[in-house]
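Structure, as structure tokens:
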Amino acid sequence: MRETAWMMSNFTGREPMTRREVLKLLGASLAAPLFSGCATSPVTGETIFVGMSEAQEIALDRQLAPQQFSLDLGPIQQTSVNAYVSEVGARVHAVSHRPNMPYSYRVLNANYLNAYSFPGGSIGTMRALVVRLDDEAQLAALLGHEIGHVNARHSAQQQAKSLVAQVALTALDAATSKNDWGQFLVQGGSIGASALLASYSREQEREADYLGQRYMVLAGYPASGMARLHQVLLEEEKSQPGLLETMFASHPMAQERYQRAQWLAETEFADSERFPVQRERFMDRTAPLRALRPTIERCGRGEEAMGAKKLAEAEQHFREAVKLTPDDYAANVRLAQTLLARGRLDEARAYAEHARAVYPQEAQAHKVLAATALQQRRFDEALIALETYDRLLPGDTGITFLRGVSLEGLGRRQEAARLYADVLQRTGGRGQAAAYARQRLVQWGYLR
Ligand SMILES: [Zn+2]
């Protein structure tokens, strides 16, 4: 099993000091007070250890999900497809053990094969995965699996994973050590942070599969849809292993999970085979997204190359994606991010500006624009982009810090000082950004 020592110690009933120490050591500054105790599993009725109350699950969800969704470039531009996925999700969660959680569903613009859920019921699935499905039963299986994690309170049972919040601070430290502001934003925009989310145990994955299958049957789908979902993923794993992220890629498990789903479909859930898979409805309602499949596949290869730091190769893929679909937000942002990482600032800026024009309400294009502007010392433009980003995705201390840097660059010392003081407070003085902020405040006579 994967429980860490500190979780074990809580299991044995010792006071939760260890948890605090671990969180403190890692510098996590979650707003919610710590909670630990036992609860009854909504699913099995057995007593389980949970690190969060239900209210805290929802609060953590609201705090973290928007950040992660934006790292995956936000909901797809095809809003009718999002609405359809939400309808299918609602059908499935209505028959789950926790039908009253504030569920929400998004197909996200990222192009690797994954889906994930936050503890309050915010569920995201990548567009690359949706276009590989053949019918609604498979989609219901996919959403059912995520709804299963929420219902069994798997996240609440591993609060250590809430250290997702830690990522931003770490990146900030890495970059400020070189006083390379733009670089911080490059790292902050890296892909695959969701890997942090998907670190459930094998037992939890099995439980989510089982619950997902049970819910989809109650919602009127044939249970074999879960087996066929795993089949799709097994095939993808063979042809393009790099695209498959952690949700499904506990690699030795993939085959086993497929077989188990198949067996359950033939035994416990055999009656459900009379239900329709709703292939036509799926094809019809997802058509606007499936039309983009060649673009999505190019982007997927680009993201894979990006992840392997093969930037020249990534650039090629994203250029082809932009050629195929000039107004695709994801292709333009990813190309801009790649060009930024290669130091080609003017080109990066041009693609980021186009991305912003086609989808102004999503945050990441503004971040690329801020990064290019900071590196080119165009502090006025950096400030506008950072302020927009902060409005779309509030609460990122790194962004507050860089707004301070921009104001300092513009000679607006008093306003910069206010933001630096804010950074000091929010980081508890920890880290190199805080050190920089303190140094300035001392230099300017605000601190001694
Ligand atoms: Zn899972």
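None of these values were measured; they are calculated from a predicted model.
The line from CG of Leu402 to OG1 of Thr397 is 11.0 Å long, rounded to the nearest 0.5 Å. Distance NZ/Lys367 to CD1/Ile399: 5.0 Å, rounded to 0.5 Å. In this structure, His366 NE2 and Leu386 CG are separated by 11.0 Å, a value rounded to the nearest 0.5 Å. To the nearest 0.5 Å, atom CZ of residue Arg298 and atom CG of residue Leu292 are 14.5 Å apart. The distance from atom CD1 of Ile384 to atom CZ of Arg403, rounded to the nearest 0.5 Å, is 13.0 Å. Expressed to the nearest 0.5 Å, how far CG of Asp328 lies from NZ of Lys323 amounts to 15.5 Å.
Here the two rings, on Phe318 and Tyr351, have centers that are 6.0 Å apart or farther.
Listed for the Asn151 side chain is a donor-acceptor partner under 3.5 Å among the backbone atoms of Ile147. Judged by distance alone, with hydrogens and angles left aside, the side-chain atoms of Arg290 form no donor-acceptor pair with the main-chain N or O of Val131 at under 3.5 Å. Looking only at distances, a side-chain donor or acceptor of Asn111 sits under 3.5 Å from a matching main-chain atom of Asn109. A donor-acceptor contact shorter than 3.5 Å links the side chain of Glu146 to the backbone of Ser117. Formation of a donor-acceptor pair under 3.5 Å by the Arg132 side chain with backbone atoms of Ala128 is found in this model. In this structure, the side chain of Thr295 does not engage the main chain of Leu324 through any donor-acceptor pair within 3.5 Å. Of the possible polar contacts, one joining the Asp61 side chain to the Gly121 backbone as a donor-acceptor pair under 3.5 Å is found. Here the side chain of Asp135 pairs a donor or acceptor atom with the backbone of Gln138 at under 3.5 angstrom. Of the possible polar contacts, none joining the Thr325 side chain to the Asp327 backbone as a donor-acceptor pair under 3.5 Å is found. Side-chain N or O atoms of His230 include none that pairs as donor or acceptor with a backbone N or O of Gln262 at under 3.5 Å.
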Stepwise side chain to side chain contact (heavy atoms under 4.5 Å, CB included) check, Val358 with Gln77: CA-CA 9 Å; Val358 298; Gln77 291 157 278; 4.1 Å; yes

Glu381 and Arg349: salt bridge (charged side-chain N to carboxylate O under 4.0 Å, His left out), yes or no, with the steps? CA-CA 11 Å; Glu381 284 175 45; Arg349 181 186 179 185; 3.0 Å; yes

Go through it in stages, so that I can follow the logic: the residues are Leu129 and Val107, the test is side chain to side chain contact (heavy atoms under 4.5 Å, CB included), and I'd like the CA-CA distance, side-chain angles, deciding distance and then a yes or no. CA-CA 9 Å; Leu129 188 45; Val107 182; over 6 Å; no

Salt bridge (charged side-chain N to carboxylate O under 4.0 Å, His left out) between Arg344 and Glu315: does it pass, once the steps are laid out? CA-CA 11 Å; Arg344 306 234 300 271; Glu315 183 186 331; 2.8 Å; yes

Start with the C-alpha gap between His145 and Glu205, add the side-chain angles, then the distance that decides, and say whether side-chain hydrogen bond (donor to acceptor under 3.5 Å, both in side chains) holds. CA-CA 8 Å; His145 175 93; Glu205 291 303 341; 3.0 Å; yes

Working note: Phe379 + Leu383, criterion side chain to side chain contact (heavy atoms under 4.5 Å, CB included); need CA distance, chi angles, decisive distance, verdict. CA-CA 6 Å; Phe379 292 114; Leu383 186 62; over 6 Å; no

Could you please spell out the steps behind the side chain to side chain contact (heavy atoms under 4.5 Å, CB included) verdict for Arg356 and Glu353? CA-CA 5 Å; Arg356 178 182 61 183; Glu353 277 175 351; 3.7 Å; yes

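Between Arg98 and Glu57 there is a salt bridge, with a side-chain nitrogen of the basic residue lying less than 4.0 Å from a carboxylate oxygen of the acidic one. A salt bridge does not link Arg391 with Glu387: every distance from a Lys NZ or Arg NE/NH1/NH2 to an Asp or Glu carboxylate oxygen is 4.0 Å or more. Between Arg206 and Glu203 there is a salt bridge, since at least one side-chain N of the basic residue sits less than 4.0 Å from a carboxylate O of the acidic one.
What you find for Val150 and Pro119 is that their closest heavy atoms are CG1-O, 3.7 Å. When all heavy atoms of Pro276 and Pro222 are compared, the pair lying nearest together is O-CD, 3.4 Å. When every heavy atom of Thr338 is checked against every heavy atom of Leu311, the shortest pair comes out as CG2-O, 3.5 Å. Listed here is the closest heavy atom pair of Pro102 and Gly120: CD-O, 3.4 Å. Nearest heavy atoms, Arg228 versus Ala137: NH2-CB, 3.9 Å. The two residues Arg127 and Ala330 come nearest to each other via the heavy atoms NH2-CB, 3.5 Å.
Checked against salt bridge (charged side-chain N to carboxylate O under 4.0 Å, His left out), Arg260 has no partners two or more places apart in sequence or in another chain. Checked against side chain to side chain contact (heavy atoms under 4.5 Å, CB included), Ala141 has the following partners two or more places apart in sequence or in another chain: Met216, Met226, Leu229. Looking at residues two or more places apart in sequence or on another chain, you find no salt bridge (charged side-chain N to carboxylate O under 4.0 Å, His left out) involving Glu362. For Ala355, the side chain to side chain contact (heavy atoms under 4.5 Å, CB included) partners are Tyr329, Asn332, Val333, Ala365, not counting sequence neighbours. Partners of Thr388 by side chain to side chain donor-acceptor pair (under 3.5 Å), not counting sequence neighbours: none found.
Ring geometry, His154 versus His149: the interplanar angle exceeds 60°, so the pair is classed perpendicular (tilted spans 30 to 60°).
Counting heavy atoms from C-beta outward, Val232 and Tyr258 have side chains that stay 4.5 Å or more apart. With contacts defined as side-chain heavy-atom distances shorter than 4.5 Å, the pair Arg440/Tyr436 qualifies. With a 4.5 Å cut-off on side-chain heavy atoms, Met101 and Glu54 count as touching. Counting only heavy atoms from C-beta outward, the side chains of Thr372 and Arg378 approach each other to under 4.5 Å. Gln278 places none of its side-chain heavy atoms less than 4.5 Å from the side chain of Leu139.
Of the options Leu108, Leu289, Ile296, a side-chain contact (heavy atoms from CB on, under 4.5 Å) to Val130 is made by Leu289 and by none of the others.
Counting heavy atoms of neighbouring residues, nucleotides and ligands inside a 6.0 Å radius, atom CD of Gln376 exceeds 12 of them. Open room surrounds CZ on Arg62; 12 or fewer heavy atoms of other groups in view lie less than 6.0 Å from it. For Arg438, the CZ atom counts as loosely surrounded, since its 6.0 Å shell holds 12 or fewer non-hydrogen atoms of other residues, nucleotides or ligands. Counting heavy-atom neighbours within 6.0 Å of Gln425 CD, excluding the residue itself, gives a total of 12 or less.
The stretch residues 79-94 participates, sequence neighbours left out, in these side chain to side chain donor-acceptor pair (under 3.5 Å) pairs: Tyr84-Glu136, Glu87-Arg285, Arg91-Glu136, Arg91-Tyr221, His93-Tyr105.
A donor atom on one side chain and an acceptor atom on the other are found under 3.5 Å apart for Arg334 and Gln337.
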